Q: 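One structure coming up, written as structure tokens, with questions to follow.
Computation of the quantities below employed the complete heavy-atom set of this structure, encompassing side-chain atoms and omitting hydrogens, waters and symmetry-equivalent molecules. Remember, it's a predicted structure, so these values are computed and weren't measured experimentally.
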Amino acid sequence: MKISVNQFIDFAYGDKRKDKTKAASIIDDLDVPYDPAKDRYKQFREALASFEDGKVSTSEFLTLHSGVSANKSAGYKILCKNYLDLKEDYALIWHGRSPVEAEISGLRITTAWYLRTEENNQRRIIFLHFGKEQLPREKERGLLTVLRLAKPDSAGVGILNIQPGTLVTSTRIDQIEADYLRKRAEKFMAIAKDILAGR
């Protein structure tokens, strides 16, 4: 079974009393057609890809906010400016949308939006976080650990919090966190098996 890294992190660090409900919701979502109307950052991601593919100029990218709804405009303006500033500050390089995937206890966890940076000729995978706030510390630790367990291998990983304007990095795997995530993945798979058997 394959789920997104955001779904897994929400399950792994959510209220354990609601594990069955959360797992059922994730499984149900796998069969739900994608609804662009519910995707707050769809236009930003599309503009980002166009910019990095050379189809949109820097000035056009920076004025993206003027072409979106009023409730998105302020956030999009910050996203575009911070993205360019952070890329320059940390020497980040666009690496397309090839999937980064981790397999933990039989559960495949994937993310497709990331950058890379080279340091001493070693690749580092940088996850793009579009949300207004940084992730809580435990979720941040978990996400960094998933990225360290992922393929393709990298010398280090990070989370680029575009709106808050920060970069959090890790070069070593947190073994305690990795063991915890394996147990949570096992729990998810066990619940999923029961749910699917009952359908």
Side-chain angles (χ1 to χ4, degrees), residues 4-10 36 38-102 109-174 177:
S4 77
V5 69
N6 290 326
Q7 289 173 321
F8 179 61
I9 293 299
D10 283 346
K38 295 180 180 178
D39 188 344
R40 181 172 180 80
Y41 302 108
K42 177 178 184 289
Q43 289 165 287
F44 173 75
R45 289 198 310 275
E46 288 176 346
L48 171 60
S50 294
F51 168 72
E52 293 292 4
D53 290 340
K55 297 174 184 174
V56 171
S57 68
T58 301
S59 60
E60 288 173 319
F61 182 63
L62 286 170
T63 57
L64 172 66
H65 67 278
S66 62
V68 299
S69 61
N71 67 327
K72 292 181 182 177
S73 183
Y76 271 42
K77 186 174 184 179
I78 292 168
L79 278 166
C80 292
K81 182 180 183 307
N82 282 5
Y83 176 75
L84 295 179
D85 289 346
L86 289 163
K87 267 192 76 180
E88 182 177 352
D89 290 347
Y90 295 107
L92 301 172
I93 304 163
W94 173 247
H95 199 67
R97 286 157 285 171
S98 301
V100 176
E101 192 170 289
I109 301 155
T110 187
T111 178
W113 287 86
Y114 67 97
L115 295 160
R116 69 181 170 89
T117 181
E118 301 288 346
E119 186 172 312
N120 300 324
N121 294 320
Q122 293 181 311
R123 181 171 59 186
R124 294 165 191 267
I125 300 296
I126 309 296
F127 175 85
L128 296 179
H129 177 57
F130 303 106
K132 190 174 182 180
E133 305 290 340
Q134 282 190 218
L135 294 169
R137 287 294 298 166
E138 62 175 10
K139 287 189 175 184
E140 192 175 79
R141 249 188 349 263
L143 177 51
L144 289 168
T145 303
V146 170
L147 294 173
R148 290 299 291 133
L149 295 168
K151 302 293 181 186
D153 292 328
S154 60
V157 297
I159 303 169
L160 189 70
N161 300 294
I162 304 176
Q163 288 197 69
T166 60
L167 174 66
V168 182
T169 59
S170 172
T171 54
R172 293 191 181 128
I173 193 161
D174 184 328
E177 208 67 28

Q: Donor-acceptor check, side chain of Asn82 to backbone of Ile162, threshold 3.5 angstrom: yes or no?
A: yes
Q: State whether the side chain of Ser73 and the backbone N or O of His65 hold a donor-acceptor pair below 3.5 Å, judged by distance alone.
A: yes
Q: To the closest 0.5 Å, what do you measure between OG1 (Thr110) and CZ (Phe8)?
A: 13.5 Å
Q: Where do Ala150 and Val100 come nearest, in terms of heavy atoms and distance?
A: CB-CG1, 3.5 Å
Q: Step by step, work out the side chain to side chain contact (heavy atoms under 4.5 Å, CB included) result for Asp39 and Arg45.
A: CA-CA 10 Å; Asp39 188 344; Arg45 289 198 310 275; 2.5 Å; yes
Q: Do Arg148 and Ser154 make a side-chain contact, defined as non-hydrogen atoms from C-beta onward lying under 4.5 Å apart?
A: yes
Q: With rounding to the nearest 0.5 Å, note down the distance linking CG in Leu62 to NZ in Lys77.
A: 10.0 Å
Q: Does a donor on one side chain sit under 3.5 Å from an acceptor on the other, for Asn6 and Ser4?
A: no
Q: Does any non-hydrogen side-chain atom of Arg124 lie less than 4.5 Å from one of Thr169?
A: no
Q: Taking C-beta and beyond as the side chain, do Glu133 and Asn161 meet within less than 4.5 Å on heavy atoms?
A: no
Q: Run the salt-bridge test on Arg137 and Glu140 with the 4.0 Å N-O cut-off and return the result as yes or no.
A: yes
Q: Evaluate the criterion side chain to side chain contact (heavy atoms under 4.5 Å, CB included) for residue pair Ile159 and Lys139; output intermediate values, then yes/no.
A: CA-CA 11 Å; Ile159 303 169; Lys139 287 189 175 184; over 6 Å; no
Q: What's the spacing between Ile9 CD1 and Leu135 CG if we round to 0.5 Å?
A: 8.0 Å
Q: Under a 4.5 Å cut-off applied to non-hydrogen side-chain atoms, are Leu167 and Asp89 in contact?
A: no
Q: Check whether more than 12 heavy atoms from other residues, nucleotides or ligands sit under 6.0 Å from atom NZ of Lys87, and answer yes or no.
A: yes
Q: Take Phe127 and Leu144 through the test side chain to side chain contact (heavy atoms under 4.5 Å, CB included) and record every step on the way to the result.
A: CA-CA 9 Å; Phe127 175 85; Leu144 289 168; over 6 Å; no
Q: Would you say the side chain of Gln134 lies within less than 4.5 Å of the side chain of Val168, judging by non-hydrogen atoms?
A: yes
Q: Decide yes or no on side chain to side chain contact (heavy atoms under 4.5 Å, CB included) for Leu79 and Tyr41, but give the supporting numbers first.
A: CA-CA 10 Å; Leu79 278 166; Tyr41 302 108; 3.8 Å; yes
Q: About how many Å separate OG1 of Thr111 and CG of Leu143, when rounded to the nearest 0.5 Å?
A: 8.0 Å
Q: Does atom NZ (Lys81) have a neighbourhood of more than 12 heavy atoms from anything else shown, all under 6.0 Å?
A: no
Q: Return the orientation label for the Tyr76 and Phe44 ring planes: parallel under 30°, perpendicular over 60°, tilted otherwise.
A: perpendicular
